[in-house]
Amino acid sequence: MSSFESTASRVRDILEGDRVWCAYALADLEPPYAEQSRWILGIQSVGLVYGGLVPPLFFFQGDPAEIEGVVDSIDPAPIQYGLLPTHRSRLETRLRVEREAKMWRMAFHGPLPTSPIAVRRMGVHDVPAIRSLFRDHADRPDSFHPNQVRDGIFFGVEHGDELVSVAGTHVIGRRGRVAAIGNVFTRPDRRHEGLGAAACIPVVQALLEAGIKTIVLNVGMDNAPALSLYAALGFLPFCGYYEGQGRLERPRTGSDADRN
């Protein structure tokens, strides 16, 4: 077994301890995400710096007491992060937070409803229409990338020749049988018509048919309409966490404290 395979095996063992929370990270062990993933192993924990986003994303799983040691191997830099409260609290003096939100990680339990609304599978040729739909709306998806359409599953609802609602995936880990729903958006003037649900249903159905075992999504704790939508689709809250962006700093020394 190569050094990379050995490391990946240890990482996977730790992540499999909590498949729902670690769904994105499990997918990041596979192409096309693996080449942009840096793994930092502790004794009973693992950290991930994912360079496919700007700024890079930091994720942690495992013993909270080890997170400071994992972070010590990361150079001070702007980051975004997704951290459980027990992990976030350990970095209170290391994170200079610019923005932060309390989120739910939700997991699919079923049953999956049906919808009479017609949908169409989206492909890479639909990326301009998806970008046009998102435009500069304040609540547009903030992690969309065209490669997600190429590598994932997207469905949309159209009115005439215009895209009015879309849903897709952020990541799919076919070996790990995990996936994350994302990029769900309906044009503001067409909301409350069931279009978002209509776009989401075939995405979930396609993932189930592909043998995906764990399907997750993220939603703000204060986003009541989205929580209602996802609950109707068979998703339940699994855990709360912090999603944010800021700067990772080195630990303050005694001399630093004296100067302040």
Side-chain angles (χ1 to χ4, degrees), residues 3-30 32-105 142-143 145 170-171 173 176 178 180 182 216 218-221 238-260:
S3 175
F4 171 78
E5 290 172 334
S6 177
T7 297
S9 178
R10 289 182 61 201
V11 168
R12 186 178 295 278
D13 286 345
I14 294 171
L15 299 180
E16 285 285 359
D18 191 341
R19 285 180 56 84
V20 173
W21 170 239
C22 298
Y24 278 82
L26 282 164
D28 288 339
L29 283 167
E30 304 178 25
Y33 323 109
E35 62 187 29
Q36 301 184 81
S37 300
R38 174 191 171 198
W39 302 96
I40 307 164
L41 277 166
I43 299 172
Q44 300 181 72
S45 65
V46 63
L48 165 64
V49 179
Y50 180 68
L53 298 172
V54 181
L57 182 136
F58 175 65
F59 170 87
F60 182 85
Q61 165 62 9
D63 184 352
E66 295 184 12
I67 191 170
E68 291 97 331
V70 168
V71 167
D72 282 346
S73 67
I74 304 173
D75 291 334
I79 62 165
Q80 49 187 309
Y81 55 89
L83 294 171
L84 293 171
T86 51
H87 300 147
R88 169 69 177 81
S89 65
R90 294 272 184 157
L91 297 181
E92 196 67 39
T93 63
R94 306 287 294 275
L95 278 175
R96 192 171 73 204
V97 176
E98 295 175 0
R99 62 173 178 82
E100 187 175 73
K102 293 181 178 180
M103 307 288 290
W104 284 118
R105 169 64 52 82
D142 58 3
S143 296
H145 191 282
H170 277 154
V171 295
V178 296
V216 306
N218 304 323
V219 61
M221 288 186 176
F238 176 79
C239 65
Y241 74 98
Y242 290 94
E243 185 175 280
Q245 185 169 320
R247 183 176 176 83
L248 185 65
E249 304 284 11
R250 292 203 183 278
R252 294 174 60 186
T253 65
S255 57
D256 292 331
D258 292 341
R259 286 195 292 267
N260 290 332

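Numbers here are sequence positions counted from 1. Note that these values count all heavy atoms, side chains included, but never hydrogens, waters or copies made by symmetry.
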Heavy atoms, side chains only, cut-off 4.5 Å: are [X] and [Y] in contact?
{"X": "Asp63", "Y": "Ile43", "result": "no"}
{"X": "Ile74", "Y": "Ile79", "result": "no"}
{"X": "Leu91", "Y": "Phe58", "result": "yes"}
{"X": "Val49", "Y": "Leu57", "result": "no"}

Mind listing the closest non-hydrogen atom pair of [X] and [Y] along with its distance?
{"X": "Val171", "Y": "Tyr33", "value": "CA-OH, 3.4 Å"}
{"X": "Arg247", "Y": "Pro78", "value": "NH1-CD, 3.4 Å"}
{"X": "Phe59", "Y": "Ala25", "value": "CE2-CB, 3.8 Å"}
{"X": "Arg38", "Y": "Ser73", "value": "NH2-O, 2.8 Å"}
{"X": "Gly240", "Y": "Pro85", "value": "O-CD, 3.3 Å"}
{"X": "Gly51", "Y": "Pro56", "value": "CA-CB, 4.4 Å"}

> Listed by chain and number, what are the salt bridge (Lys or Arg N to Asp or Glu O under 4.0 Å) partners of Arg12, not counting sequence neighbours?
Replying inline: none
> Glu35: what forms a salt bridge (Lys or Arg N to Asp or Glu O under 4.0 Å) with it, not counting sequence neighbours?
Replying inline: none
So, taking the atom named [atom1] in [X] and the one named [atom2] in [Y], what distance separates them when rounded to the nearest 0.5 Å?
{"X": "Met221", "Y": "Tyr242", "atom1": "CE", "atom2": "OH", "answer": "8.0 Å"}
{"X": "Asp18", "Y": "Gln61", "atom1": "CG", "atom2": "CD", "answer": "5.5 Å"}
{"X": "Gln245", "Y": "Glu98", "atom1": "CD", "atom2": "CD", "answer": "6.0 Å"}
{"X": "Arg90", "Y": "Leu84", "atom1": "CZ", "atom2": "CG", "answer": "13.0 Å"}
{"X": "Ile40", "Y": "Thr7", "atom1": "CD1", "atom2": "OG1", "answer": "12.0 Å"}
{"X": "Ile14", "Y": "Leu26", "atom1": "CD1", "atom2": "CG", "answer": "11.5 Å"}

> Does any N or O in the side chain of Arg105 come within less than 3.5 Å of the main-chain N or O of Tyr241, such that one atom is a donor and the other an acceptor?
Replying inline: no
>> Whether the side chain of Gln80 engages the backbone of Pro55 through a donor-acceptor N/O pair (distance < 3.5 Å, no angle test) should be reported.
In response: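 A pair under 3.5 Å: yes.
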> Can you list every pair that meets side chain to side chain donor-acceptor pair (under 3.5 Å) and has a residue in residues 40-50, with sequence neighbours left out?
Replying inline: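 Residue pairs with at least one partner in residues 40-50: Ser45-Glu66.
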>> I need the full list of side chain to side chain donor-acceptor pair (under 3.5 Å) pairs touching residues 19-30, with sequence neighbours left out, sorted by first then second residue.
In response: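 Sorted pair list: Glu16-Arg19, Arg19-Thr214, Tyr24-His170, Tyr24-Asn218.
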>> Tell me which one of Arg96, Arg88, Arg94 satisfies salt bridge (Lys or Arg N to Asp or Glu O under 4.0 Å) with Glu92.
In response: Arg88
>> Per the salt bridge (charged side-chain N to carboxylate O under 4.0 Å, His left out) rule, what does the pair list look like for residues 74-86, sequence neighbours excluded?
In response: Asp75-Arg250
> Which residue pairs satisfy the ring-ring contact (aromatic ring centres under 6.0 Å, His included) criterion with at least one member in residues 76-104, sequence neighbours excluded?
Replying inline: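 As it turns out, the ring-ring contact (aromatic ring centres under 6.0 Å, His included) pairs with a partner in residues 76-104, which skip direct neighbours, are Phe60-His87.
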> Would Leu41 and Val11 count as a side-chain contact (heavy atoms from CB on, under 4.5 Å) if you check the C-alpha gap in whole Å, the side-chain angles of each, and the deciding distance to 0.1 Å?
Replying inline: CA-CA 7 Å; Leu41 277 166; Val11 168; 3.9 Å; yes
>> Is there a side-chain contact (heavy atoms from CB on, under 4.5 Å) between Leu29 and Ser37? Walk through the geometry before answering.
In response: CA-CA 8 Å; Leu29 283 167; Ser37 300; over 6 Å; no
